[in-house]
Amino acid sequence: MAESSRRLPASASADELKRELQRRVNCIVEDADYTIEDTDDAMHCLSSLKDLKVRPTPPPEYLCPLSHQLMKDPVVLASGQTYDRPFIEKWLNKGSRTCPETKEVLPNSDLIPNLLMRKLISLWCNDHGIELPDKDHGIIPESDRYHFNSLLEILSSNDDVLEKMKAAKLVRILTKRFPPLRAFFEEDSVAVTKLLHPLISGNVNDHPKLQEDLITTVLNISFHDPNKKLIATNPVVIPLLVESLKFGTLETRSNSAAALCTLSSLESNKCIIMKAGALEPLVKLLDEGPLLAMKDAAATIVSLGVVKENRSIAVFEGAVKVIMKKITDRILVDELLVLLAMLSSYDKPIEQMVKLDAVSCLLSIIKEDTSDKSKEHCIAILHTLCYNDRTRLQEMWRDESVNGTIANLALNGTTRAKRKAKEIVEQIDKYFSGAQTS
């Protein structure tokens, strides 16, 4: 049955018009019983969007840093930054005590009306024939809230797989294109469980496309900072991400890794992800995946590796062997050297690197026209190797006597690279001068 006709007000934003247009077009395409009003409303949305295109763009200082929309009720935070009241109030009401822009801790949560900014915005709107938005305009319109919740209800209660697939695809699109909808999950404690119900209630791999859309939606909503904790502490989410990381399509596996990376930016989430067994499939994805998936996997392992225990697990799961294979083939050299440098902090990975001819590989990368950062990571790893296994100094000396690779870096590298390279050269000289006098 077609939806009843509903015209948006003339002050509707581009996002609201696009959402309404999407509803009307879906209704026309998918429902044989659509009405003339549906087509009229779709045309009205298109016409309004066209009008918006010719409207002038507000100066960036008139836009709220949180909503990126024209401020309706600008207020000044203790940090001196100006925000739109409803958005900064939402930030503070969730317990945040830092300025979103400067990240500094706030001495108080007072909000002082920025009357000058309000006046400037008002004058700009009058000059351009634009109605100043109402102060009380909500972050998520009720109509959007109702529509979005109806999609989650389909996912959590409807037995029709095709209907669930349609709803999952739309939720994925909406959470990508309209970031304010990501806050819906913050406000509704069971929304994430509703979203993932099709994967909880059945075999996660029964419907690969449905799984892909739902996991990608988790990635989308994880970009909203307040969602990070509630997603990770929901007992079903991380296990489903790990399961999808193991057995989903390549896109699902890549997006699972990306979601875990985003969630792991919160310190308390790192151990939750590790305990769910994420490192084994991450290393496997790093080995098997296409380039983008490998990047996601590497970034996630680096993020998790901030916890020392996670580094030892990654090494146990074969990360060093995979990294050496990739950088030898010159695949993702910059990204993987960061990870290798992180892992080379104790004996086990050093032993593995020695067996895998790491010294020769790292020296060859330094000789090539690679980035300064890559050379810096290479020399840092070589520094660790020679200080933990002095027999490697002989291999470095043989190269140095022919090519002067490390001495050259000591003269021309970054500040850190120069220091590390100089210390290695000194160790080589000391090692061999001692050997000659003994």
* To do: Report the residues that fulfil ring pair (Phe, Tyr, Trp, His ring centres under 6.0 Å) with Y83, sequence neighbours left out, ordered by chain and then residue number.
  => none
In the structure I gave you, are the side-chain heavy atoms of [X] and [Y] within less than 4.5 Å of one another anywhere?
X    : Y    : result
I365 : K375 : no
L340 : M353 : yes
T252 : F247 : no
L77  : T82  : no
L409 : K418 : no
Q211 : S244 : yes
T175 : T216 : no

Sort and list the pairs that fulfil salt bridge (Lys or Arg N to Asp or Glu O under 4.0 Å) and have at least one residue in [range], not counting sequence neighbours.
range            : value
residues 308-328 : D287-K325
residues 191-200 : E153-K194
residues 219-239 : D225-K228

* To do: For residues Y62 and I121, report the shortest heavy-atom separation together with the two atoms involved.
  => CG-CG1, 3.7 Å
* To do: Specify the closest pair of heavy atoms between N269 and A232, including all atoms of both residues, with the distance to one decimal.
  => OD1-CB, 3.1 Å
Taking [Y]'s backbone N and O only, do any of them form a donor-acceptor pair with [X]'s side chain (distance below 3.5 Å, no angle check)?
X    : Y    : value
D84  : P86  : no
S265 : C261 : no
D329 : I331 : no
S222 : L219 : yes
D73  : R85  : no
N114 : P74  : no
S303 : A299 : no

Whether [Y] and [X] form a salt bridge (side-chain N of Lys/Arg under 4.0 Å from carboxylate O of Asp/Glu) is what I want to check.
X    : Y    : result
K420 : E423 : no
E187 : R182 : no
E280 : K246 : no

* Side chains of E104 and T102: donor-acceptor distance under 3.5 Å anywhere? -> yes
* Please name all residues satisfying salt bridge (charged side-chain N to carboxylate O under 4.0 Å, His left out) with E368, sequence neighbours left out, ordered by chain then number. => R330
* To do: Could you list the residues that satisfy side-chain contact (heavy atoms from CB on, under 4.5 Å) with A168, not counting sequence neighbours?
  => L155, L210, D213, L214
* Answer yes or no: are there more than 12 heavy-atom neighbours, outside Y387 itself, under 6.0 Å from its atom OH? => yes
* Validation row, ring centre F185 to ring centre F148 under 6.0 Å -> yes
